[in-house]
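We name chains A, B, ... by the order of the sequence lines, and we start the count at 1 in each one.
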There are 2 protein chains.
Amino acid sequence: MLKEPTAAPRDCAECPIRHRAVCARCESDELELLDQIKYYRSFEAGQTLIWSGDPMDFVGSVVTGIATLTQTMEDGRTQMVGLLLPSDFVGRPGRDSAAYDVVATTNIVMCCFRKKPFEEMMARTPHIAQRLLEMTLDELDAAREWMLVLGRKTAREKIASLIAIIARRDAALSIAGKRGPLVIDLPLTREAMADYLGLTLETVSRQVSALKKDGVIALEGKRRVTIPDFNRLLDEAGDDSDGGMLA
Amino acid sequence: MLKEPTAAPRDCAECPIRHRAVCARCESDELELLDQIKYYRSFEAGQTLIWSGDPMDFVGSVVTGIATLTQTMEDGRTQMVGLLLPSDFVGRPGRDSAAYDVVATTNIVMCCFRKKPFEEMMARTPHIAQRLLEMTLDELDAAREWMLVLGRKTAREKIASLIAIIARRDAALSIAGKRGPLVIDLPLTREAMADYLGLTLETVSRQVSALKKDGVIALEGKRRVTIPDFNRLLDEAGDDSDGGMLA
DNA sequence: CGAGAGCCTTGACTCAGATCAAAACGCGGG
DNA sequence: CCCGCGTTTTGATCTGAGTCAAGGCTCTCG
C-alpha cells in the first residue's frame, strides 16, 4: 500500500481534467490567474482527506483517483452521499467547515486552491461561477436519482443500478460506445458499495452472486465485471431500458 | 377544492420572497429588468404543474404554497426528491425538458420567467447566477442529508427526521426561535410523507401514532403537530441533538 | 512454505416494514 | 341528517433484507 503518489501535472494545458473541471470554461488569461493560486496534493488510498466538521481552508478538484463523500451517525451507521471522480469539485465556497468526510478510495491527486483567493476570483471571473453552477446542478440531479434508488428500489435493483451508473460513466470516458459486452472495474469494495446503496455488505455480496448466476453480469476476480447485455442490466435496475443512451 | 387562486403580488418590492429567492441579491435596476420578463401563474392544489420529460420553456420561483418534485418508476413506485417551499426555484437553466414531475400540494403562486430571456439575463447579471449557485448548493446539502435518512434510518427515525426538518424550517420563517413547545402544520398527506421517506403510508401512520403514544409529539387533528421537546425529537431522529441550532 | 490480514461468500435465523384487508374518521353536498 | 369519498388508523400475515456466525480466497510478509 506504500506506493509513490502519482506525479502531479505541472501545466494546466496538459491537465487531464482541463475540459471537465471548474476551470473548463476559463480562457487562457483566467487560467493563468488560477495557475498562480493552485497547488497539488496527493493522498494515499484509505486516507481520510477531510473530516466532517473540520475547518476547510481550501477547495479543489480531483485530478486522478477516486474518493467518497460520506456521512456518519453517532452510532456508526454510514451513508455515502457522493462519489468523487476525476474533475469533481470538493468543498463549498462560502462555507468554512466540511459537511462530510472525504475519503480516498484509491491513490488520489487533487488540484487545490486556498479558499479565500478562490472565492475572490470567483466573484471576478463569471466563467468559474458559471461552470461551478453547472456542475452543482449535475450533482443535484445525480443525488436525486440516487434518492430514488435508496428509497424505492430492491436490493437487486440497487446493485444493478450501481453497476449501470459506473458502466455508463466508464463508457462516457472511453470515448466511443463500442458495441459488444462492456467490461468495467468496480472501484469500490463490497462494503463501500453497501454504504453507497444503503445495504449491508452481506446483501451486496448475495445480490452480486445472484446477478451473476442469472447471467446478467459475469465476474472475473472480485472486481472486474462483464456486462453482456446492457439493456438487460437496465431492466434489472428498474430503469427505463431506453433512456439516456444517445451519443 | 374550487377556491379562487390567491391574488398575485404586483410589485417586487412587496414580494414575500424578495429576500430569499433567486432575485435576493439583485439591485433595484436589476430587479427592474427581471420585472419586465416576469409573469405570475397560479395552480390549484393537486394539479401537476409540470410532467417529467415535457419541454419546459420557463423557470420560476414558488411565491406562496407548496409543491413537490417526484420521480416515478414504470411500475408506479414513486419517490419524492424535492419539497418546494416559497422562494424555491423550479427548472434548470440550460436544460429544456423537465426531469421530474412537479405537483402542487396546496394552491400555489409562481413567479415565472421565460427560459430564454432568463438565461440571457443570467449571463449578464452575476448577482442572479451567484444566488442560484448558493441556492443549488443548499439544495444539494439537503438532498445529501435526505440520502442518509433514506439509506440508513429506521421508519421511526425517518418520521422524526421529517417532522424536525419541517419544524426547523417553520421556526426559521416565524422569526424568533421562541421557547416553549413548537406547533407546526404538516403540509403533507400520509401518502406524501411516505413518498418522501421511502415508506408505505401504513408504516407512516403507525410510526406517527407510536411517536404520539410515547409523548414525543402531540396531535391536534391529523395534521397539526405539537413538539413539547425539540431535543427529544432530534434524539428520536438519530441526529446529533445539538447540531445546527444556533441563531 | 505457512501465518495473518483483508476481503468476500454462504448459511441459518430474525425482524422491521410491506402487503392485504377492514374499519373509522371527517367533511362537503344533497 | 345522511351519503359518499378521500384520508387515516388498526390488525393479521408475509417477506426481503439484516444479523450473527462460519469459512474461503488472495495477497503480503516473515
Problem - D:dT10 phosphate, OP1 or OP2, under 4.0 Å from B:S205 side-chain N/O - result: no

Handout entry: B:R223 side chain near D:dT8 phosphate (N/O to OP1/OP2, under 4.0 Å)
Key = yes

Handout entry: Pairing of A:R144 and A:E139 as salt bridge, 4.0 angstrom limit
Key = no

Exercise for the section: State plainly whether the residues A:K158 and A:E236 are in salt-bridge range, i.e. N to O under 4.0 Å. Expected result: no

Practice task
Could you tell me whether A:R224 and A:D185 make a salt bridge, using a distance below 4.0 angstrom between a side-chain N and a carboxylate O?
Solution key: yes

Handout entry: Integer-rounded Å distance: D:dC25 P and A:L219 CG
Key = 15 Å

Handout entry: Greater than 12 external heavy atoms within 6.0 Å of B:Q47's CD
Key = yes

Fill in the blank from the handout: From NZ of A:K213 across to P of C:dT10 the rounded distance in Å is 10 Å

Practice task
Classify every nucleotide of nucleotides 16-22 of chain C by which part a protein heavy atom approaches to under 4.0 Å, writing B for the base, S for the sugar-phosphate alone and - for neither, in 5'-to-3' order.
Solution key: -SSBB--

Practice task
Figure out the CD1/P separation between A:I159 and D:dG16, and round it to whole Å.
Solution key: 16 Å

Practice task
Flag the pair A:R20 and A:D88 as a salt bridge only when some basic side-chain nitrogen lies within less than 4.0 angstrom of an acidic carboxylate oxygen.
Solution key: no

Practice task
Provide, to the nearest angstrom, the distance between the NZ atom belonging to A:K222 and the C1' atom belonging to D:dC27.
Solution key: 13 Å

Practice task
Could you tell me whether A:D239 and A:K153 make a salt bridge, using a distance below 4.0 angstrom between a side-chain N and a carboxylate O?
Solution key: yes

Completion exercise
Taken to the nearest whole Å, CZ/A:R224 to C1'/D:dC25 is 19 Å

Practice task
Measure the distance from CG on A:L201 to P on D:dT19 and round it to the nearest whole Å.
Solution key: 11 Å

